[in-house]
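Positions are given from 1, in the same order as the sequence printed here. Read the numbers this way: they start at 1 and go in the same order the structure lists the ligands and their atoms.
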Amino acid sequence: MIIRNFRKILHGGDYNPDQWLHVPGVIDRDFELMGKAHCNTFSVGIFSWAQLEPEPDRFEFAWLDSIFERCGGSGKKIFLATPSASKPAWLAHFWPDSRRADRAGIRQWWGARQNSCFSSPGYRERVRIINRKLAERYAHHPALGGWHIGNEYHGECGCPLCRDKFHHFLRRRYGTLENLNQAYASAFWGHTFTDWDQVEPFDYSMDGAALDWWRFCTELIVDFFKMEIDAVREYSDAPVTTNMMGLFPTLDYWKFAPLCDFISDDCYPDWSGGDTEQEAARLSFRHDMHYAMLDKPFVMMESCPGVPNYMNRPALRRPGEFEREMLLALGHGADGTLYFQWRKSANNCEKFHGAVIGHDGSDQTAVFRRVASYGEKLERLGGLAGARKNPRIALIYDWESKWALEQCSFGGGEKCKQHDETILSHYRALWNRNMDIAVIDSGQDFTRYKLLAVPMLFLFKRGLAERLRKFAEQGGTVVATYLSGYVDESNRCFFGGNPGGPDGRALFGVWNEDLDTLPPEIPQSIRWKGKSYPVLDYAEILHLEGAEAEGVYTQDFYAGTPAVTRKRLGKGCLIYLGARTGMEFLNDFYGALLEETRIEPVLRGLPDSVRAERRTAHSSGDYYFLFNLSAHEQTVPLPFAMIDVWNCGMETESVILPPNGATVLHAERGPEK
Ligand code: GLA
Ligand code: ZN
């Protein structure tokens, strides 16, 4: 359960009553409509600091007291926000160093949001004070469901204090300057450092320092997050979270997860791009990551009931899309879906962002009606809260490796590297076959999985090769690819060859001599199991050192040399894909591997463009989620009879999914897994 003693699937959203305190009738109407929309949970106070503390140490809680009373009185819960995302003007005025500085060290103006310096002593102190006040006041209120700490933390600051903290971070990490100089190989371009202060975080030429800067930024924000939690914890033990942003590029969310009691995420897919399956796969990927972070249900803290205003061409949602998006989250392990936002603001940069209630204040809009209908149906899924997933396949997504790769200059630049797209393409090949997948980072325990996909893990952390070896020896199958194990944790190249230096080479039984970055005019392909597949962007020149070749290149001066290799080890094996291919190869390759490893999909025999997910509830059996990712009706035969809990509550052996439709089925006891 996300909220203690509240066994419900959470439904609600960002609620900003403080924007409406002086407009008669609005808040009354909100509570009337919340009931009609079957909403039970709201995140409140995210941007309310100026309303809660209009000047230093003068607090005004009456308005929030009344929201708590109303929620408590109607059985609703509040995720109370700490308001650090948006500091009041007085704070920036009295503590100017709370304003963030850019890379040139120039302070930004006050305004906008999420732009404070996480090192600023004044800002930290004022956050601590307001958090403690909130916690002291509401800790024991029955409507308090949990703490929404900050909002979408992110960013870097180039102020003297942050730079100084960065240099202390380096001291802790390297101990001596000599160690740092060696790790950075800083003799390059004469950068040998003779003082910690000389390490420039924004020097594009120093790959090690750039990687450490992003590591440091995460550490600083995690430290700030912890400070916020500690302040709240002085009075309250309600669960805490902070809302993440999926694959946000400059934060290592794996470091935030251990501080959270539950994971929450903000999710804004775009279904109008023309490739529904790709968008659904992208969304499924991040949900699988959020479930895996704490190995338990998470909350989709923000989603849009209409369409966000900032999208290029925000097409209105087509029938079915909204409910499918919500069920996609629940199917992948969410125990709640909330919206940004409950009511559209009257003015300013998000006034046209989709919301449950528009400026007309009506409950007659399509948006309101579908939210209300979804909310009503959610009440049929009471038994789903807390239901688990048990994936046997894991795929690695590692921010540090991504940062290292993106910082390095080689191989066609960003257009070719395509870190996220590559990892997603491996995910998609597995997802296409309706597999239950965990998305983990390279530091997590592998032992519970049978198959581990490790696409393009450019940075090998200390001990990784050993952990992969154990995993394979005990019967696991590892799939690694081109651009694996080029650098260590300081972005320094392995000495002794790729992948991963001598240890990695011995493990995979293969030596990657060089990388061919292919422009479209130079064709290449591989032959695998008698079929030929085109190679895109990258082909590594491989030599067997204990592995066998299962596929070879077919063209050019390296025709006939290994492209796909397999090293057998103990009860398992390690496969290395030397080249980037299109989806056709990945689909065939993983298809064969899944047969070989005998990992069962969630359901077999589904039509194209239909996907399934499963969650298992401790006491009440399995919930199967079906998603129609096409714009036409689909009939889905079921392998055994289930109850269509979402629509009719009747037992059925096949389901008709409308265009873009989705449903939830319940089976008392599924087949043996
Ligand atoms: C983010 C923020 C919200 C809002 C939405 C708009 O997720 O957390 O406050 O700005 O974006 O999509
Ligand atoms: Zn700073």
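A cation-pi arrangement, defined by a distance under 6.0 Å to the six-membered ring centre and an angle within 45 degrees of its axis, is present between Arg343 and Trp20.
Listed as neighbours of ligand 1 are Phe47, Arg113, Asn151, Glu152, Asp266, Tyr268, Glu302, Tyr310, Phe340, Glu350, His353, each bearing a heavy atom under 4.0 Å from the ligand.
Remark: aromatic rings of His419 and Tyr397 are close, center separation under 6.0 Å. Between Tyr123 and Phe224, the gap from one ring centroid to the other is short of 6.0 Å. Taking the centre of each ring, His287 and Phe298 come in below the 6.0 Å mark.
When each of Tyr235, Phe61, Phe68 is paired with His141, the ring pair (Phe, Tyr, Trp, His ring centres under 6.0 Å) condition holds for Phe68 and for no other.
One finds an angle of 110° at the Zn ion (ligand 2) between SG on Cys159 and SG on Cys117, to the nearest 10 degrees.
Ring geometry, Phe216 versus Trp213: the interplanar angle falls from 30° to 60°, so the pair is classed tilted.
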